[in-house]
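Worth knowing before you read on, the calculation uses all heavy atoms, side chains too, and leaves out hydrogens, waters and symmetry mates.
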Amino acid sequence: MKLKKIIVALSLLCLSTGILTAQKKDHNHPYFFIQITDPQFGMFENNIGFEKETALYENAVEKINRLKPDFVVVTGDLVNDPINRQQIAEFKRITAKIQSNIPVYYSPGNHDIGNTPDSIGINSFIKNYGYDRFAFKHKGSRFIGINSSLIKANVPRLNQKQYEWLTNTLEKSKKAAHIILFCHFPFFIKTIDEPETYSNIGLKDRKKYLDLFSANKVDAIFSGHLHNNATANYGGIQLVTTSALGKQLGKASSGLRIVKVFPDRIEHHYYGLDEIPETITF
């Protein structure tokens with residue numbers, strides 16, 4: 001009887017070990033997520049209506065539900081007018097159509113909280129969407145979203161508070177397989193020393209943050225705002241600017257970015273809504 005109990009116990013131990021091993025191996029399997037940016041409800045018709053944005057976003061959500069990414073990140077400018085309740089309600093209505101088992105995360109853009117954000121605008125965004133920055137672990141990697149409008153406008157107290165939070169979050173992420181960041185404003189479009197414009201972060205804060213990211217081995221930063229696509233590199237960090245789901249200001253067509261995460265690398269591709277594949281292959 002005692003021998004039988006030992007055999008059963010060993011069997012359960014082997015089974016448990018097998019499950020844990022399988023789960024650990026599963027973290028080595030590639031997966032993908034989707035980045036959407038600048039749906040910007042109201043931009044096409046200068047806040048008179050948002051029919052075009054509705055059609056584009058509903059099309060994107062249909063594709064998301066078919067592809068079933070691990071999660072979705074929307075990197076800002078959800079609406080064109082931050083106090084327009086109809087625009088906000090329409091964005092939220094369509095977002096709610098994304099299948100409940102596909103998490104959706106948000107980073108605010110300047111059209112969501114203003115070009116010079118204050119506590120009122122940020123608190124309004126938090127009331128609508130739950131937070132203005134985020135961090136989560138997924139399959140061994142760390143994903144972080146920040147409020148880049150605070151950096152762009154250099155709002156002293158709020159910017160410093162976020163910088164301290166970000167520093168602590170990165171410090172806790174040293175063992176992550178990958179560290180991937182999301183924000184609205186690109187830190188730069190083409191070169192690290194390019195002059196500050198409406199489309200990028202100022203030189204002083206640009207260097208400060210990129211040095212922090214480099215020291216903590218950040219793999220990639222995905223941003224929006226430009227309404228066009230661009231890629232750059234800084235010390236091995238991929239800086240990826242994604243074009244708008246909404247109105248375009250360049251040669252891209254309205255679409256989204258599919259990001260594949262492998263154990264040893266990150267691959268990404270921007271697709272116009274009419275170019276999105278039926279399935280994702282690795």
Aromatic ring proximity, centroids under 6.0 angstrom, Phe187 and Tyr234: no
Salt-bridge contact Glu45-Lys247 (side-chain N to carboxylate O under 4.0 Å): no
Residue pair Asn128 / Arg85, side-chain donor-acceptor N/O under 3.5 Å: yes
Test item: Asn147 side-chain N/O and Ser149 main-chain N/O as donor-acceptor pair under 3.5 Å: yes
Path from Ile36 to Ile102 over hydrophobic side-chain contacts below 4.5 Å: yes
Side-chain (Asn123) to main-chain (Ser119) donor-acceptor, under 3.5 angstrom: yes
Minimum-distance pair of heavy atoms, taken over all atoms of Ser199 and Pro186: O-CD, 3.3 Å
Side-chain donor or acceptor of Glu275 paired with backbone N/O of Gly272 under 3.5 Å: yes
Joint cluster assignment, Ile151 & Tyr163, ILVMFWY side-chain distance < 4.5 Å: yes
Asp38 side-chain N/O to Asp77 backbone N/O, donor-acceptor pair under 3.5 Å: no
Side-chain touch Phe32/Val261, heavy atoms, less than 4.5 angstrom: no
Ring centre gap for His29 and Tyr31 strictly below 6.0 Å: no
Non-hydrogen side-chain atoms of Leu78 and Val74 separated by less than 4.5 Å: yes
Lys/Arg-Asp/Glu bridge criterion (N-O < 4.0 Å) met for Glu62, Lys97: no
Distance in Å, Ile88 CD1 paired with Arg93 CZ, rounded so as to fall on 0.5 Å steps: 15.0 Å
Worked verdict on His111 versus Asp81 for side-chain hydrogen bond (donor to acceptor under 3.5 Å, both in side chains): CA-CA 6 Å; His111 278 271; Asp81 179 357; over 6 Å; no
Closest non-hydrogen atom pair between Ile192 and Leu203, with its separation: O-CD2, 3.9 Å
Centroid separation Phe33 to Phe143 less than 6.0 Å: yes
Parallel, tilted or perpendicular: rings of Tyr129 and Phe125 (30°, 60°): tilted
Point-to-point distance, once rounded to the nearest 0.5 Å, from NZ of Lys172 to OG1 of Thr169: 6.5 Å
Side-chain donor-acceptor pair present, Tyr198, Asn110, cut-off under 3.5 Å: yes
Aromatic ring proximity, centroids under 6.0 angstrom, Phe50 and Phe44: no
Polar side-chain atom of Thr75 near backbone of Ser107 as donor-acceptor pair, under 3.5 Å: no
Residue list, side chain to side chain contact (heavy atoms under 4.5 Å, CB included) with Asp219, at least two apart or on another chain: His178, Ile179, Ile266
Other residues, nucleotides, ligands: >12 heavy atoms within 6.0 Å of Gln160 CD: yes
Side-chain heavy-atom pair Thr95, Val61 within 4.5 angstrom cut-off: no
Any donor-acceptor N/O pair, Glu53 side chain to Gly42 backbone, under 3.5 Å: yes
Carboxylate-amine/guanidinium proximity below 4.0 Å for Glu196 and Lys152: yes
same_hphob_cluster(Leu212, Phe134) at 4.5 Å side-chain heavy-atom cutoff: no
Same apolar cluster (I L V M F W Y, side chains within < 4.5 Å links), Ile237/Leu226: no
Pairwise side-chain contact, Tyr57 with Phe41, heavy-atom cut-off 4.5 Å (strictly under): yes
Under 3.5 Å donor-acceptor, Ser148 side chain and Phe185 backbone: yes
Nearest heavy-atom neighbours spanning Leu67 and Pro277: CD2-O, 3.5 Å
Any side-chain donor near an acceptor of the partner, Asn47 and Gln87, under 3.5 Å: yes
Full working for ring-ring contact (aromatic ring centres under 6.0 Å, His included) between Phe182 and Tyr105: CA-CA 10 Å; Phe182 305 93; Tyr105 301 91; 8.4 Å; no
Within-4.5 Å side-chain heavy-atom neighbours: Phe213 and Leu166: yes
Student check: side-chain heavy atoms of His184 and Pro108 closer than 4.5 Å: no
Side-chain ion pair, Glu90 and Lys92, N-O less than 4.0 Å: no
Check against side chain to side chain contact (heavy atoms under 4.5 Å, CB included), Arg257 and His269: CA-CA 6 Å; Arg257 188 172 298 277; His269 187 82; 5.6 Å; no
Val259 vs Phe222 side-chain heavy atoms within contact, under 4.5 Å: yes
Leu170 reachable from Tyr209 in the ILVMFWY side-chain graph, under 4.5 Å edges: yes
Separation between OH of Tyr271 and CD1 of Ile276, rounded to the nearest 0.5 Å: 9.0 Å
All pairs passing ring-ring contact (aromatic ring centres under 6.0 Å, His included) where residues 244-263 contributes a residue, at least two apart: Phe262-Phe282
From Thr37, Leu249, Leu245, Thr241, residue fulfilling side-chain contact (heavy atoms from CB on, under 4.5 Å) relative to His227: Leu249
For Ile221 against Cys183, the heavy-atom pair lying closest together: CG2-SG, 3.9 Å
Sole candidate of Gln238, Lys260, Gln35 that passes side chain to side chain donor-acceptor pair (under 3.5 Å) when paired with His268: Gln238
Working for side chain to side chain contact (heavy atoms under 4.5 Å, CB included), residues Arg142 and Ile144: CA-CA 7 Å; Arg142 172 74 79 171; Ile144 303 170; 3.7 Å; yes
Nearest heavy-atom neighbours spanning Pro39 and Phe91: CG-CE1, 3.9 Å
Side chain to side chain contact (heavy atoms under 4.5 Å, CB included) evaluation trace for Ile258 with Glu267: CA-CA 8 Å; Ile258 293 174; Glu267 296 179 357; over 6 Å; no
Side chain Asn200, main chain Thr197, donor-acceptor under 3.5 Å: yes
Asn59 and Lys63: side chain donor to acceptor below 3.5 Å: yes
Heavy-atom pair with the smallest gap, counting every atom of Ala232 and Phe188: CB-CE1, 3.4 Å
Salt-bridge criterion met for Glu171 and Lys174 (N-O under 4.0 Å): yes
Distance-only donor-acceptor check, side chains Gln248 and Ser243, under 3.5 Å: yes
Main-chain N/O of Lys208 paired with Asp211 side-chain donor or acceptor, under 3.5 Å: no
Heavy-atom check, side chain of Val218 versus side chain of Leu210, under 4.5 Å: no
Asp118 CG to Leu158 CG distance, which is reported to the nearest 0.5 Å: 8.5 Å
